[in-house]
Amino acid sequence: MYIENVKKEMKLPEKVRIFDTTLRDGEQTPGVAITPDEKIRIAKRLDRLGVDVIEVGFPAASLGERKAAQEIKSLGLNAQVCGLARVLQEDLDAAIDSDVDYIHTFIGTSPLHREYKLHMSREEILIKSVDAVEYIKDHGIIAEFSAEDATRTEFEYLKEIYSAVEDAGVDVINVPDTVGVMVPAAMRKLIEDLKNAVNIPISVHCHDDFGLAVANSLVAVEAGAQQVHATINGLGERAGNTSLEEVVMALMVNYGVKTNINTELLVGTSGLVSRITGVKMPPNKAIVGDNAFAHEAGIHVHGVLQKAETYEPLKPEMVGHSRRIVMGKHTGARAIRSKLDDYGIEMDEDQFCSLYDQVKKLGDKGKTVTDADLHALAETVIGKPKEEKVKLEGFTVMTGDNVLPTATVKLNIEGKIKTAAKTGVGPVDAAINAIQSLVMKIAEIELREYHIDAITGGTNALAEVFVIVADKEGNSATGRSTVEDVVMASVEAVLDAINKILMER
Ligand code: KIV
Ligand code: ZN
């Protein structure tokens with residue numbers, strides 16, 4: 001494979017450390033606030049997931065942040081517990097008081113930050129950074145230093161400040177692409193150049209403003225970075241940070257680089273973070289999205305059913321996901337048959353053609369057919385009587401808040417077309433009353449039971465109606481229909497039951 005040849009030319013590390021910042025940069029996602037209790041739940045989960053560092057928050061920001069940090073630290077997790085701090089005494093003290101193992105200290109270094117935010121000279125910033133690192137190390141705490149907006153900082157100055165903090169004893173230098181402006185080639189060169197300038201581990205922190213956070217993190221690893229900052233679901237300021245699940249799986253599968261992540265927990269962790277933060281993942285989100293391992297197209301499904309690798313780059317179980325075959329207009333007969341086999345449903349060729357037809361028609365209307373939908377459609381097809389003495393020719397209903405619900409139903413009864421209009425408490429009741437009056441001569445029927453279900457929820461879901469109908473002679477039959485319109489489903493279900501009664505006579 002081409003990629004294998006390219007990889008041979010790379011000097012890749014065996015392992016990369018994952019610094020998780022879901023609880024800090026992730027919490028800076030607009031509209032997201034995580035309570036201390038929720039932070040503890042997420043931290044425990046991140047620890048099980050196997051991240052190396054958990055940045056639990058910004059202790060100087062509030063009492064709640066400090067308490068959460070202390071409580072997380074007291075859990076005795078395997079991961080190192082880190083607090084963020086500006087290079088300011090009060091921030092550093094707040095982090096130290098939180099009892100964290102690790103302090104991530106930072107200051108803006110780019111001309112924009114120096115001039116407009118900090119109003120400080122290069123020298124002042126450098127001195128403060130060195131002082132902060134020395135202070136952290138004097139307290140026996142692991143120190144990571146970030147030159148905020150590093151990727152828009154003059155390279156000579158960046159080298160100078162990182163070398164200065166290295167001399168001050170910093171453990172890791174982090175290179176933030178604060179506003180996500182890097183492109184992969186530039187990121188590779190930047191990390192290579194910094195590698196030649198310092199002799200300590202390099203970490204990267206990429207933002208996703210141009211959708212390049214994962215790509216930039218990966219090239220940083222190619223260039224020698226030993227640690228990647230990431231967040232679950234790619235949460236973070238503005239467009240977010242490097243998505244942990246994406247970068248970890250790309251490192252593992254595409255590069256063959258290990259991390260300590262227990263990848264089977266990725267989907268569950270993504271779900272937990274999504275529920276707590278209220279930030280839902282789009283279905284097409286890589287690795288953890290609902291559609292990440294869903295197949296609809298007929299050709300793809302055929303391939304996947306023969307050998308999953310034809311259309312899957314990794315096994316869904318590796319990330320705690322599962323494969324889903326979605327029925328729609330691209331779905332082939334083979335995929336539907338395979339689903340029926342899974343459900344243990346047998347049907348003859350005519351029944352199968354009718355089911356296949358319904359799936360295609362729904363697909364043409366822009367719908368997908370879920371497993372539950374297909375199951376219900378199949379049950380309806382199987383239950384249909386072979387012979388229909390009463391056939392629906394058409395119906396209309398009129399309803400509203402100021403009109404009496406009225407239905408006009410046209411039936412073909414043993415070859416004769418008959419029409420009736422009736423009222424009812426609602427359109428379904430009116431339609432069933434009209435049917436009763438039309439079939440009166442051949443069967444005096446009454447509705448014994450009526451159930452309706454919206455199979456997959458939502459107002460445009462398939463409606464499944466189940467009825468029990470009885471005649472005066474004491475014969476009864478069940479009827480079922482699954483279509484999108486509730487009145488249509490009700491009419492079809494009642495006619496289904498009537499035809500069964502007539503067939504039995
Ligand atoms: O994006 C950024 O620059 C940050 C810093 C605090 C490292 O999040
Ligand atoms: Zn950030």
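The chain is numbered in sequence order, starting from 1. Hydrogens, waters and symmetry mates play no part in the numbers below; they use all other heavy atoms, side chains included. Start at 1 and go down the list; that is how both ligands and their atoms are numbered. All figures in this text were calculated on a predicted structure; none of them were measured in a lab.
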Requested in this report: Tell me which N, O or S atom of D25 sits nearest to the Zn ion (ligand 2).
Outcome: OD2
Report task. Tell me which protein heavy atom sits closest to atom 5 (C) of ligand 1, plus the residue, atom name and distance to 0.1 Å. Result -> R24 NH2, 4.1 Å
**Report entry** Min heavy-atom dist H104 to ligand 1 below 4.0 Å
**Finding:** yes
Query raised in the report: Does H295 offer a backbone N or O that forms a donor-acceptor pair with the side chain of H330 under 3.5 Å?
Result: no
Requested in this report: Please determine, by modelled atom types, if Q28 and R24 share a side-chain donor-acceptor pair under 3.5 angstrom.
Outcome: yes
Query raised in the report: Which residue, V248, V288, L314, forms the side-chain contact (heavy atoms from CB on, under 4.5 Å) with V319?
Result: L314
Query raised in the report: Do you know which of V228, V257, V247, N254 makes side-chain contact (heavy atoms from CB on, under 4.5 Å) with L218?
Result: V247
Query raised in the report: So, H229 and the Zn ion (ligand 2): N/O/S under 2.8 Å, yes or no?
Result: no
Requested in this report: Could you find the nearest protein heavy atom to atom 4 (C) of ligand 1 and give me its residue, atom name and distance?
Outcome: H205 NE2, 3.6 Å
Query raised in the report: Under 3.5 Å, is there a donor-acceptor pair linking the side chains of D37 and T35?
Result: no
Query raised in the report: Taking both backbone and side-chain atoms of D25, is any N or O found less than 3.5 Å from an N or O belonging to ligand 1?
Result: yes
**Report entry** Closest approach of any protein heavy atom to atom 1 (O) of ligand 1, naming residue and atom
**Finding:** H207 NE2, 2.9 Å
Query raised in the report: Evaluating non-hydrogen atoms only, which member of V179, T178, V175 is closest to atom 3 (O) of ligand 1?
Result: T178
Report task. Compute whether any side-chain donor of one residue and acceptor of the other, for S62 and E65, lie under 3.5 angstrom apart. Result -> no
Query raised in the report: Mind checking whether D149 has an N or O less than 3.5 Å away from an N or O of ligand 1?
Result: no
**Report entry** Nitrogen or oxygen atoms of N174 and ligand 1 under 3.5 Å apart
**Finding:** no
**Report entry** Name, closest N/O/S atom of H205 to the Zn ion (ligand 2)
**Finding:** NE2
